[in-house]
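Have a look at the structure below, then the notes.
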Amino acid sequence: IPVLTIREGKHSARPGRRFERIIVGIDDSEPSDAALATVVDFPPEDRHHVLLCGVAGSAFVVGGHEYRQAAIDELHEETERVVKTALATAGKRGRSFEGRVVDGRTAPALIAAAEQEKADLIVVGSHGRRGLRRLFLGSVAENVVQSASIPVLVVRGLQNKNGNFTDSSRRLATMSS
């Protein structure tokens with residue numbers, strides 16, 4: 001079940017309020033696929049402008065200059081591929097979204113993109129990690145929710161009865177048809 005968080009203030013919910021400018025955090029994961037599927041299914045009046053935003057976290061690349069530059073280039077290319085795949089998936093459902101690759105740490109980069117676009121909603125997928133996995137791997141969704149000044153919709157990836165994520169390719173194939 002997606003969870004919408006809204007902070008008090010200028011972006012608080014108002015009767016009849018629509019989300020017109022939406023940023024969707026995109027990566028190569030089942031939770032990201034679930035976030036995209038959710039936005040694709042929004043009614044047209046709630047998705048006037050949707051930006052699929054992939055974050056190339058090159059701030060974490062270390063090594064000599066040549067190695068670092070080659071790794072950053074590869075990271076950007078992979079992120080561009082993920083965004084293009086998401087755009088194609090949305091296109092198969094008759095949705096015309098935009099895509100962009102930004103650099104930086106994921107949560108701050110998504111929030112900065114939302115501010116730049118004057119977005120009124122950020123949508124992110126969540127792995128739903130708990131315990132030590134969450135402590136060591138962190139939670140982009142949690143960081144976005146805590147730091148964003150606009151509403152954030154958190155969509156959890158589909159899991160099977162064992163708690164493992166379903167095959168993303170099957171989810172994307174289902175979304176595309």
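For the side chain to side chain contact (heavy atoms under 4.5 Å, CB included) test, residues two or more places apart in sequence or in another chain that qualify with P44 are R47. Qualifying side chain to side chain contact (heavy atoms under 4.5 Å, CB included) partners for V83, counting only residues two or more places apart in sequence or in other chains: L87, V101. With sequence neighbours excluded, no residue forms a salt bridge (Lys or Arg N to Asp or Glu O under 4.0 Å) with E66. Partners of E78 by side chain to side chain donor-acceptor pair (under 3.5 Å), not counting sequence neighbours, listed by chain and number: R81. Looking at residues two or more places apart in sequence or on another chain, you find a side chain to side chain contact (heavy atoms under 4.5 Å, CB included) between L51 and I23, H49, E98, R100, E117. Residues forming a salt bridge (Lys or Arg N to Asp or Glu O under 4.0 Å) with D41 (at least two apart in sequence, or on another chain): R93.
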Go through the steps to decide whether L52 and V24 satisfy the test side chain to side chain contact (heavy atoms under 4.5 Å, CB included), and finish with yes or no.
CA-CA 5 Å; L52 306 183; V24 184; 3.7 Å; yes
Run V40 and F97 through side chain to side chain contact (heavy atoms under 4.5 Å, CB included) and show every step you take.
CA-CA 9 Å; V40 163; F97 297 162; 3.9 Å; yes
Check against side chain to side chain contact (heavy atoms under 4.5 Å, CB included), V50 and F42
CA-CA 11 Å; V50 177; F42 278 9; over 6 Å; no
Assess whether side chain to side chain contact (heavy atoms under 4.5 Å, CB included) is satisfied between E142 and V154, documenting all intermediate values.
CA-CA 9 Å; E142 180 180 12; V154 179; over 6 Å; no
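Closest of all the heavy-atom pairs between I150 and A114 is CD1-CB, 4.0 Å. The shortest non-hydrogen separation linking V123 to A35 is CG1-CB, 3.9 Å. Looking at every heavy atom in both residues, A148 comes nearest to I111 through N-CD1, 3.8 Å. Between A34 and R156, the shortest heavy-atom contact is CB-O, 3.8 Å.
Taking CG of D27 as the start and OG1 of T106 as the end, the distance is 7.5 Å to the nearest 0.5 Å. Separating the NZ atom in K84 from the CD atom in E77 is a distance of 9.5 Å, to the nearest 0.5 Å.
Although no hydrogens or angles enter the test, the distance criterion places no donor-acceptor pair under 3.5 Å between the side chain of S32 and the main chain of D28. Using a distance-only test at 3.5 Å, with no hydrogens or angles considered, a donor-acceptor pair links the side chain of D120 to the main chain of R21.
A side-chain contact (heavy atoms from CB on, under 4.5 Å) with V55 holds for exactly one of V102, L75, V140; it is V102. A side-chain contact (heavy atoms from CB on, under 4.5 Å) with C53 holds for exactly one of L110, V124, I26; it is L110.
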